[in-house]
Undergrad: 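Structure in structure tokens, see below.
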Amino acid sequence: MGRRSASLYVDCETQAEVDDLWKKLSAGGSEGRCGWLTDRFGVSWQVIPRALPKLLSDPDPEKAGRAMNAMLQMSKIDIAKLEQAAEGGTVEATSGR
């Protein structure tokens, strides 16, 4: 039998919820990119604020593209930085902690 794996997706309403879950789930595990992390048991999680899919599906393709580029630089997703990038501001790469 081949190796099996699973990942879980967590839909968060606020940045505080993202921050809290990120801290708890990544403790003893490892941080990935674009909202992904692996917990101490080896389970993969994606912690995503509800604002992310809204920004990525914006009718203005340039705005959506800027949000996507910002997300690709992040570990833990930062709503304020996504919104800033979508509006045309610059965003520096961030770690999850």
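The figures here come from the full heavy-atom set of this structure, side chains too, leaving out hydrogens, waters and symmetry mates. For the single chain, residues carry numbers from 1 onward in sequence order.
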Undergrad: Measure the CD-CD1 distance between Q84 and I79 for me, rounded to the nearest 0.5 Å.
TA: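 Rounded to the nearest 0.5 Å, the CD-CD1 separation comes to 14.0 Å.
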
Undergrad: Decide yes or no for V43 and L8: does some side-chain heavy atom of the first lie under 4.5 Å from some side-chain heavy atom of the second?
TA: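 When only atoms from C-beta onward are counted, L8 and V43 do touch, with a gap below 4.5 Å.
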
Undergrad: Using a 3.5 Å distance criterion without hydrogens, assess whether the side chain of E87 forms a donor-acceptor pair with backbone atoms of E83.
TA: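 No; zero donor-acceptor contacts below 3.5 Å.
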
Undergrad: Taking it one step at a time, do M74 and R33 satisfy side-chain contact (heavy atoms from CB on, under 4.5 Å)?
TA: CA-CA 6 Å; M74 297 178 182; R33 306 292 289 165; over 6 Å; no

Undergrad: Measuring from atom CG of D19 to atom OG1 of T14, what distance do you get when rounded to the nearest 0.5 angstrom?
TA: 8.0 Å

Undergrad: Are K24 and D20 ion-paired here, with the side-chain N under 4.0 Å from a carboxylate O?
TA: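 Result for this pair is yes, salt bridge flagged.
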
Undergrad: Please round to the nearest 0.5 Å and tell me the distance separating atom CD of E17 and atom CH2 of W22.
TA: 14.5 Å

Undergrad: Can you see which heavy atom on C12 is nearest to which on V18, and at what distance?
TA: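 Minimum heavy-atom contact is CB-CG2, 3.5 Å.
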
Undergrad: Give a yes or no on whether the backbone of S7 and the side-chain of Q46 come within a donor-acceptor separation of less than 3.5 Å.
TA: no

Undergrad: Give a yes-or-no answer on whether the side chains of N69 and Q73 include a donor-acceptor pair shorter than 3.5 Å.
TA: no

Undergrad: Look up atom CG in L37 and atom CH2 in W45, then write down how far apart they are to the nearest 0.5 Å.
TA: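 Answer for the CG-CH2 pair, L37 versus W45, is 8.5 Å.
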
Undergrad: Please check: side-chain N/O of R50 versus main-chain N/O of D11, any donor-acceptor pairing under 3.5 Å?
TA: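 No, the answer is negative, given that no donor and acceptor are paired below the 3.5 Å cut-off.
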
Undergrad: Rounded to the nearest 0.5 Å, what separates atom CG in L56 from atom CG in L82?
TA: 7.5 Å

Undergrad: Say whether, by atom type as modelled, one donor and one acceptor occur between the side chain of S26 and the main chain of G29 under 3.5 angstrom.
TA: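 Between the backbone of G29 and the side chain of S26 there is no qualifying donor-acceptor contact (under 3.5 Å).
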
Undergrad: Could you state the interatomic distance from NZ (K76) to CG (L25), rounded to the nearest 0.5 Å?
TA: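 Taking NZ in K76 and CG in L25, the distance rounds to 12.5 Å.
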
Undergrad: Between the side chain of S75 and the main-chain N/O of E31, is any donor-acceptor distance below 3.5 Å?
TA: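 Not confirmed, S75 side chain does not pair with E31 backbone.
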
Undergrad: Output yes when a side-chain donor or acceptor of R66 lies under 3.5 Å from a complementary backbone atom of A85, and no otherwise.
TA: yes

Undergrad: Taking the side chain as C-beta and beyond, is there a heavy-atom pair between V47 and I77 under 4.5 Å?
TA: no

Undergrad: Between R40 (side chain) and G28 (backbone), is there a donor-acceptor pair under 3.5 Å?
TA: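 It does not hold such a pair.
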
Undergrad: Given the rule that I, L, V, M, F, W and Y join up when any side-chain heavy atoms are under 4.5 Å apart, are L52 and Y9 in one cluster?
TA: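 Same cluster.
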
